[in-house]
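Have a look at the structure below before the remarks.
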Amino acid sequence: MEKNKQEGFLDVYSRNARLKVALLVILPLSGVVGAIGLNFSVAMGAVASPLSAVGFTLLLAQLGGTLEARNSPIFTSCGEVSRAQRSFAIVMAV
Amino acid sequence: MNPYTLARYHTKAAALLGKPLPTAEQEGEDPDSADLVYEAYGDLLRELTRDRKTYPLVFQELVNYGFRRNLWGMKAIGTAIAALSTAIQVGVAVLALLGKSRQPGAGDMAFLLVDVFMLGCWLFLITPDWVRVAAEAYADRLLAASENLEPK
């Protein structure tokens, strides 16, 4: 039971490291959808914005989880890690 | 890092890994081999500290690091979306000023401010240095947790 809870889509890691990231990525676009919706009616804006945010967020969170392993060395490619910091570099490619 | 703490970490690493970590001289002579040892020790530490209940601080730092690393990984997409959204919002505002659309209200301005703020975050906050802070905190916590580990 506990194992299933930890491995679920919305466990602590998924919520914080994937879902929050997806939300932040999609936040500006949901604003646009909301603003455009407001041009037609307040009700449409109020409905369109959260719907677009939720839909795209779930999609991105799933995509993020899939791509995470492939992208994990991304930080190590950001720049040269000095010899003195090598002991830290060992954990960068989780 | 404190040299005594570092020496203790090296002793523990040698015990856990069954192989001493390279000295500074050995690392200077053959950095690639040294990297292999460090990678192996990193892999071992991550495996031995997977239990979130036993190592809650390690997990907390892993989550923080994962959040920042994933944001960095999404930087291109996030920046593009924020820039596009800001451009659309500005376009809508210009149309309104030209009288070709309804006048923007407080809601439109709020959305525009959010978009500009997010664009600024993507451009100036989410950087390798910002990720590195969390990476080093995670590394610190992982190495500290190694002191409680015993060789199997």
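A note on names: the letters A, B, ... follow the listed sequences, proteins ahead of strands, and every chain is numbered from 1. Basis for what follows: all heavy atoms, side chains included, without hydrogens, waters or symmetry-related copies.
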>> Run Phe67(B) and Leu24(A) through side-chain contact (heavy atoms from CB on, under 4.5 Å) and show every step you take.
In response: CA-CA 11 Å; Phe67(B) 172 72; Leu24(A) 288 172; 3.8 Å; yes
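No side-chain heavy atom of Arg69(B) sits under 4.5 Å from any side-chain heavy atom of Val21(A).
Following chains of ILVMFWY side-chain contacts shorter than 4.5 Å, one can reach Tyr38(B) starting from Leu6(B), so the two form part of one hydrophobic cluster. By the criterion of side-chain heavy atoms lying less than 4.5 angstrom apart, applied directly or through intervening Ile, Leu, Val, Met, Phe, Trp or Tyr residues, Leu125(B) is grouped together with Leu27(A) in one hydrophobic cluster. By the rule that hydrophobic residues join a cluster once side-chain heavy atoms approach within less than 4.5 Å of another member, Ile81(B) and Phe124(B) end up as members of separate clusters. Note on Tyr9(B): it clusters hydrophobically with Leu17(B), by side-chain heavy-atom contacts below 4.5 Å among ILVMFWY residues. Residues Leu123(B) and Leu71(B) fall into different hydrophobic clusters, defined by Ile, Leu, Val, Met, Phe, Trp and Tyr side chains chained together at heavy-atom separations under 4.5 Å.
Looking at Phe59(B), only its side chain comes within 4.5 Å of chain A, counting heavy atoms on both sides. Looking at Ile88(B), the atoms closer than 4.5 Å to chain A (heavy atoms on both sides) all sit in the side chain, from C-beta outward.
With Asn16(A) as the partner, the side-chain contact (heavy atoms from CB on, under 4.5 Å) test is satisfied by one option alone out of Leu62(B), Asn70(B), Val63(B): Val63(B).
Listed by chain and residue number, nothing satisfies the side chain to side chain donor-acceptor pair (under 3.5 Å) test with Gln60(B) (two or more places apart in sequence, or in another chain).
Of all heavy-atom pairs between Ala17(A) and Gly66(B), the closest is CB-C, 3.7 Å. Contact record, Gly78(B) with Val25(A): CA-CG1, 4.2 Å, taken as the closest heavy-atom pair.
Of the inter-residue distances, the one linking Leu29(A) atom CG with Asp115(B) atom CG reads 8.5 Å to the nearest 0.5 angstrom.
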